[in-house]
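Atoms within each ligand, like the ligands themselves, are counted from 1 in listed order. Only this structure's heavy atoms are used, side chains among them; waters, hydrogens and symmetry mates stay out.
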Amino acid sequence: MIETNGPLTTGNAHYLLLAILLFLLLSPGGAYSLSTVDITITPSTFGQGEVSLVTLKQATGEPQMIWLGKRIPMVYNRKIEVWAGFIGADLTTDPGRYKLQVNYTNNAEPNFIPITVRSKDHGIRRITLPREMVELDRDTLQRVLREISTVKQVFMTSSEDPLWWGRWTRPLPGTIVSPFGCKNIINDMERSPHSGVDLKAAVGTPIKATNRGLVALVAEHFFSGKSIVIDHGGGIFSMYFHLSHISVRVGELVEKGDPIGLSGSSGRITGPHLHFGIRLNGRRINPLTLIEISKTLE
Ligand SMILES: [Zn+2]
């Protein structure tokens, strides 16, 4: 965590002033053309497990962000003429003030923008499951460990260039049956928090890709059942669990809204639904927040 005394505003923050100030300091009276860059961060303060949209106007060359030690590529949106990218905080990111580094011209000094991550309580969910689904025998435990390592491996190799574009969309319209981020108390024992959102879906409901990307994993796992992971490039992955049918193969390029399978009740589950999750540069973020804040990119 980096402490900063920089200016912090809530809502949309404009850093035009900083660019003008730098220009005045560096070129008194010179005949330089002022290259202004308008950076918007929506919101500039967000909670653990949440995400923010960063847009940048009038950049010369391809801008780049560095957030919590990771390089984040930006995507140019021709329709509204902005570069866009997302920054997020994991459920376990320490609350506090951080700096977002933005480089937008070749050889120019980087900009450091203060961002506040606040603590967020996502609530508690209590579940009762049959003992054999919770207390795993040796073979099942080994299977689960192998599956965890497989998924970790998938998250480590994202396509460097972003494949996603514009707004992010819902994989199906269903209402929320279990929210993102809640603490899981299973048979009175605290387990990992809920890493996605559960959406109501009768078995056989078509599931659509939330954005463009490459199918990175197709598997049948103990906990998540029939599962798909899509790599959207630039470190963004989407996950679709508990399916009854999968209609894509690993390595296949899917467009936003393409059907990828049918919802179901496979894996460790108490009733049919779709578990939908997003990983953003290794961080678990609320997928519905990503969909909400990306609406302006349409
Ligand atoms: Zn779930």
>> I'd like to know if K120 pairs up with E50 as an ion pair, taking the criterion as any Lys NZ or Arg NE/NH1/NH2 lying under 4.0 Å from an Asp or Glu carboxylate oxygen.
In response: yes
>> For S159 and D231, which I'm curious about, is there any donor-acceptor pair between the side chains at under 3.5 Å?
In response: no
> For the Zn ion (ligand 1), which N, O or S atom of D198 is at the shortest distance?
Replying inline: OD1
> Has H194 got an N, O or S atom lying less than 2.8 Å from the Zn ion (ligand 1)?
Replying inline: yes
> Can you tell me if an N/O/S atom from H273 lies under 2.8 Å from the Zn ion (ligand 1)?
Replying inline: no
> If you look at H275, which of its N/O/S atoms is nearest to the Zn ion (ligand 1)?
Replying inline: ND1
>> Checking H275 against S224: is there a side-chain donor and acceptor pair closer than 3.5 Å?
In response: no
> Taking the six-membered ring of W165, is NZ or CZ of K256 closer than 6.0 Å to its centre and within 45° of its axis?
Replying inline: yes
